[in-house]
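Just below is one structure, and these are the notes that go with it.
In what follows, every heavy atom counts, from backbone to side chain, and hydrogens, waters and symmetry copies are set aside. Along the sequence shown, residues are numbered consecutively beginning with 1.
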Amino acid sequence: MKGDERKTKAELIAELDDLRARFDSVRDQAWPPIADEFPLFIFEIDRDEIFRYANKHALETFGYDEEDLRTDLPLTAIIHPDSIRRARLNLARVLNGEDFEHEEYMAMRKDGSVVPIKTYTQPVRRDGQVVGLRGVVIDVSEIRQVEDALRSSETHYRILFETTGTAMVLLGKDATIRRCNSQFCLMSGCTREEIEGKLGWTDFVPPDEQKRMERFQEDRARKIGHPPSDYEFTFLTRDGVRRRIHLFVRNVPDTDDRVCSLIDVTERDEALHALRKSEERYQLMARGANDGLWDWYLASDECFYSPRYREILGYTEEEFPNCVDSWLKSLHPDDRERAMAANMRCIEGEIEQFQVEFRQIHKDGSIRWILGRGGSTLDENGKVYRLSGTHTDITQRKQAEDALRESEERFRLMIEHASSGIFQASPEGRFLTVNPALARMLGYDSPEDMVGNVGDIGTDILINDADRQAFLDGIYAQGELQNYEYHCRRKDGGAIWLAGNTRMVRAQDGAVAYFEGFLQDITARKLNERTTHALYAISTAVNTTRNLRDLYQTIHAIIGEVIEARNFFIAMLDEKNDMLRFVYFQDEMDDYFDIPNISDPGQSSLTIHVFRTAAPLYLSQADPGIEERLAAIGVIGTPPAAWLGVPLRQGERVVGAMAVQDYANPRQYSDEAATFLTAVSEQVAMAIERKTIEEALTRLNEELEDKVEQRTAEIEARKAELEEANRRLMTLDEIKSSMVSSVSHELRTPLTSIRGFAKLCAKDFTRHFLPLARGEQLSAKGRRIQGNLGIIDTEGERLTRLINDFLDINRIESGKACWNDDTLNPTRVIREAVASASGGFNASRSVELVTVLPETVRRIKADPDKIKQVLINLLNNAYKFTRQGRVTVALLEHAESLTVSVVDTGSGIPEDELNYIFEKFHKSRLGDTVRNEAQGTGLGLAICKEIVEHYGGTIRVQSTLGRGSVFTFTLPTVPADDNTCPE
C-alpha cells in the first residue's frame, strides 16, 4: 500500500474501476447466499414489477414463502395501493438510469396488515443493460412512533412556561418583568396585574444585594453575545420574607429579552427533584430529537454526541467516540477551517451564539449538509467552560434549493418560449415584465423595448380610452377577468385584438401589488365575427333606409365599426358617360369630383387603377419604394399616408370601387382590413343595385301617378319593367335566403364533426394519455389540453345555437317556418317554459324565479313550441342581465286576449335603445357584463317579435336603467262560449 502513495490520481481511479468490474462479474452469483443470512429485507425486482429474489428475512417478515416467490410475486402484493403509483414512478426512474437513493411507502403483509417502510435501491445491470433493481427495505414503524411521541412532547412543552412547577419570568431590555407565570406570583406574593409591565427584578432584591446584582448585570452586558448563565441570590417576597433562589437566565434568540427560571433552593429536596426531572427531560430530548445534540467541556475536552447525531452520519458509538477528533475527521476538508472558526469565536467570547453550515462525510462516503448551531456557558468567573448545541441534517433542503433553482430556470425558459403573451403590470399602468411573445404581438423589438417605451398602457396600448376604465372597474369588482378582449395599438400604429385572462395580485397589507395575465391574438377571429355581422347588416340596410344617400351613410357606419373609415368614398360606373361618379364621399382634406374619360389609357388615379385591374389595392407610406409606385399609378389630390380600395362587382362585372384612406398613420390598415373590405364589397354592390332599382321603381310610380290618364300605354310598358324588376328583387331575396340557409347547413356538417372529434379526442386523451404524464409539469400541460378540448366543444355548441337562430329568422322571414297550431292551455305552456329555463336560476342563489298565474284562464290557438321559444328567450335575457333580486312571470286575462309579462330587477335598458331592441342583431350597449357568459347573436328578441306578430299579437318593453325591465306580449284567445280551463 505504500506504493499507492506514489501513484497518480488517474492511476488510482483506473485501478478502482478495474476492481469494480471484477466485483460486478461475481456479484450476481455471490450476493444471494450472503443476503439470505442478513436480518434485513433484501430483494431484487425485474422491469415487469415481479420479485425475482427475496431473502428469508423478507419472506418471513411479510408472510410469504419460496412457493409464492416462484409463482411470480408482483410488486402490488407488497406495496399498498395508496403508494403503488409513486413506487412505479420511482422504479421507472431507476430503470432509466436516474439517481435515486431512498423513498418511503406504505407496505402490506400477506395477512393484510399495513406497515411503513423505507427502501434503498440501485439498478441491476447485465451485459450493460438495466434489467431491474435490487435493494433493502427497512421497517420504520418504530421511527414513526418516536416522531409521534416527539410531536406530542412538543405540544406539552408549549405550555411548560405556565404549567411548570418552576417560577418563570420574561425580562425586557430595561429589566422590567414583561411576563410571569403563576408560580412566580405564588413565590412573590403579588398578583400578575401588579407585576407585569410595572415591576422589575430590582423590586425583589434586598438593598444589601442590589449593588452585587447590578455589577453582575454590567459584567454580562459588557461581554457581547454573553451565553445563558445561572447564579443564586436572595429573593424578597411582598411580605418581606427572604428566600434563597437559584436563577437560570437564558437569552431569547434574536431579541433583547431574557427568560429567567427561579428555583427556591431553601429546601434542597425540592431542588434535587427538579434537577432529576430536568435530566430526564434532557435525556428524552436527546433520544427523540430529530437534530443531533452535542456538548463539549473545554477543560477536559470531553464531548457528548446524541444517538441521533451518529445516526445522521451512519456511525456507531464505537466508530464515532465522544471526542472532538471524531467531529474534525468527519468534516469535509474544504469546510473544516470555517466550521472550527465559528466555534473558536464563541469560545473566545466574540459572540454568544453561532450558526454555520458545513459538509460532513457519511460513513458510506456520501456528503451530508449540516446546519450547526451552538452557544457557550460561562462559569462564575465569566469564563467559557462549555459549548453545546445541535446539528441538523439539511441535505434534503439543499437538494430542494438546487431543484428550485432548476425549476425557476425551466419556468423562465417556458415563459420566454410561450406562444401566448404573458405580462405583469403595475396599478399605475406600466408594464413590469412581458415575455417575447407579447412583445412580438405588439410589434416591439424585445421585452425590454416594450417595458421601456410603454409609459401608460391605457394611452399607449389601448385604442379606446373607455377600455381602460372598463377594465379597471371589472377587475377591481371581481378580482379577475376571464376571456376579456382588448383593442390594442401596435408600436407601428397598427391595430390588433387581444383576449385573455387577467387577475389582481394583492400585497400582504391588502393593497394592489400588480396585475398579471396572458393574452392571445384574436384579430382574425374578431374580423370574421365582424365581417359576418357587417354582411348581414348591409343586406338588411336596403329595407331600413329611405334612399341611396341613407344607404351610403349606413354602409359607411357599418364599415367604420370594423376599420378606421373617417375618409371613405364609393365611386360607381356611369357607363353611358364613360366616367366614375363619386356617389358618396367623406374626406378630411379634399373634395371629390367625378372622373371622366375612364376608358382613356392616359387617365389615371388610384380609384381608376382598382376599377381597371378589378383587384384590391393597398398602399402605405411605410412601404419601401412607395413614391415610385404612387407615381406609376397616379394620385389625384392630397397623397394619403395609407390607402385601401376594393372593386365593387355585380357577378363578373366591375361596377365601381370603394376605398378608405388615412392621412396620418401609414400603418392604419393591414391585410386583415383588406380581407374585410373585399368580403363586404360584393354585398355593398348588391345593396346599391337593389336600392337603385327600388328608387327607380319609386320614381316610376310617381311618374305613373301623374300621367295615368294620358299615358296608359306607357304605363303598361312600365308595368312589365316593374314586374321584371320585382322578379329580380324576389330572385335576390331568394338568393339571400338560400345563401343563409345553405351557409348555415354547410356550417353544421363540419361543426358536427368538429364537436364529435373534440369529444372523442378528449375522451381518448383522458383515458390513454393523461395517465402517462410524469411530473407536475406534464400533468398540468395535460389538464390544459383537456380543458382546451372542452373549450372547442363549448364554442361549437355556441356556434350551433347561432346557426339555429339564423335558420329560425330566415325561415320566418321567407315564410317557410312550420307552425303546428293547436288549442292550448297557456298556463301549462308557461310552466313548461319556466321549467326549461330554471336551470340557470337554480344554480344562482342570488336570483329568484317566481310565477304568478290565475287559477283559470281562457285558451289560445298557437304552436306550443313557438310560445315556449318566446318565453325561454325572454327568461334567458332576464337572467343574463339580473345580478340579484327576482324574475317574475305573470299572466293577465282580458276580454279577448291574454297578456304574459316577464319582469326582472336587472340592469335595465338605456332609453335610446328601446326603439331598436326588437331589431335583428341589435345588442344592448351594456353587453353581457352582468354575467360572464358568451354573447348572443342579437336575434332572440327579433324571433320573439316575429312569432308574436304571426299570431296577431304585440310585444313591447318598458325599462328603467338600473332598476329592471318588463317585457310583455299579448295573444288573442279562442272565441268560444266555454273555453276556460283550470291552471
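Val850 places none of its side-chain heavy atoms less than 4.5 Å from the side chain of Val887. Side-chain contact check for Asn501 versus Leu481: every heavy-atom pair is 4.5 Å or farther apart. No side-chain heavy atom of Lys526 sits less than 4.5 Å from a side-chain heavy atom of Glu672. Thr433 is not listed as a side-chain neighbour of Val451, based on a closest heavy-atom distance of 4.5 Å or more. Annotation: side chain of Tyr552 is in contact with side chain of Ile570 (closest heavy-atom distance under 4.5 Å). Side-chain contact check for Val902 versus Val966: every heavy-atom pair is 4.5 Å or farther apart. Looking at Val646 and Val680, their side chains never come closer than 4.5 Å, going by heavy atoms from C-beta outward. With contacts defined as side-chain heavy-atom distances shorter than 4.5 Å, the pair Val454/Tyr444 qualifies.
In this structure His556 satisfies the ring pair (Phe, Tyr, Trp, His ring centres under 6.0 Å) test together with Phe568, Tyr584, sequence neighbours excluded. Among residues two or more places apart in sequence or in another chain, the side chain to side chain donor-acceptor pair (under 3.5 Å) test is passed with Gln508 by none. In this view, Arg489 satisfies the salt bridge (charged side-chain N to carboxylate O under 4.0 Å, His left out) rule with no residue, not counting sequence neighbours. Taking the ring pair (Phe, Tyr, Trp, His ring centres under 6.0 Å) definition, one finds that Phe582 meets it with Phe569, Tyr592, sequence neighbours left out.
Between atom CD1 of residue Ile496 and atom CD1 of residue Ile461 there is a gap of 10.0 Å, rounded to the nearest 0.5 Å. In this structure, CG in Asp550 is found 11.0 Å from CD1 in Ile555, a value given to the nearest 0.5 Å. Considering NZ of Lys880 and CG of Leu875, their distance stands at 12.5 Å, rounded to 0.5 Å. Taking CG from Leu648 and OG from Ser681, the interatomic distance works out to 6.0 Å, rounded to the nearest 0.5 Å. The line from CG of Asp460 to CE of Met450 is 10.0 Å long, rounded to the nearest 0.5 Å.
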*Carefully, step by step, assess Gln424 and Glu516 under the rule side-chain hydrogen bond (donor to acceptor under 3.5 Å, both in side chains).*
CA-CA 4 Å; Gln424 289 182 332; Glu516 66 179 13; 3.3 Å; yes
*Apply side-chain hydrogen bond (donor to acceptor under 3.5 Å, both in side chains) to Asn453 and Asp449, showing your working.*
CA-CA 6 Å; Asn453 288 288; Asp449 180 28; 2.4 Å; yes
*Please assess Glu919 against Lys945 for the test salt bridge (charged side-chain N to carboxylate O under 4.0 Å, His left out), listing each intermediate value before the final yes or no.*
CA-CA 9 Å; Glu919 292 183 2; Lys945 183 174 183 291; over 6 Å; no
*Stepwise, does the side-chain hydrogen bond (donor to acceptor under 3.5 Å, both in side chains) test hold for Asn567 with Gln661?*
CA-CA 5 Å; Asn567 304 295; Gln661 60 183 349; 5.6 Å; no
*side-chain hydrogen bond (donor to acceptor under 3.5 Å, both in side chains) between Thr531 and Tyr536, worked out*: CA-CA 9 Å; Thr531 300; Tyr536 193 88; over 6 Å; no
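In the model, Tyr486 has a side-chain atom that pairs as donor or acceptor with a side-chain atom of Thr502 under 3.5 Å. Residues Thr766 and Gln786 have side chains that bring a donor and an acceptor to within less than 3.5 angstrom of each other.
Of the charged side-chain nitrogens involved, at least one lies within less than 4.0 Å of a carboxylate oxygen, so that Glu357 and Lys398 count as a salt-bridged pair. The pair Glu776-Lys781 does not meet the salt-bridge criterion, since no charged nitrogen lies less than 4.0 angstrom from a carboxylate oxygen. Checked for salt-bridge contact, Asp904 and Arg886 miss the test: no charged N lies under 4.0 Å from a carboxylate O. Salt bridge Asp662/Arg566: present, at least one basic N to carboxylate O contact under 4.0 Å.
By the 6.0 Å contact criterion, CZ on Arg397 is enclosed, its count of non-hydrogen atoms from other residues, nucleotides or ligands being greater than 12. Within 6.0 Å of CD in Gln553 there are more than 12 heavy atoms belonging to other residues, nucleotides or ligands. When the shell of 6.0 Å around CZ of Phe765 is examined, it contains more than 12 heavy atoms from other residues, nucleotides or ligands.
Test Val610, Leu677, Leu644, Thr607 against Met658 for side chain to side chain contact (heavy atoms under 4.5 Å, CB included) and you get one pass: Leu677.
Residue pairs meeting the side chain to side chain donor-acceptor pair (under 3.5 Å) criterion with at least one member in residues 619-628: none, sequence neighbours excluded. Applying the ring pair (Phe, Tyr, Trp, His ring centres under 6.0 Å) test to every pair with at least one member in residues 657-676, sequence neighbours left out, gives no pairs at all.
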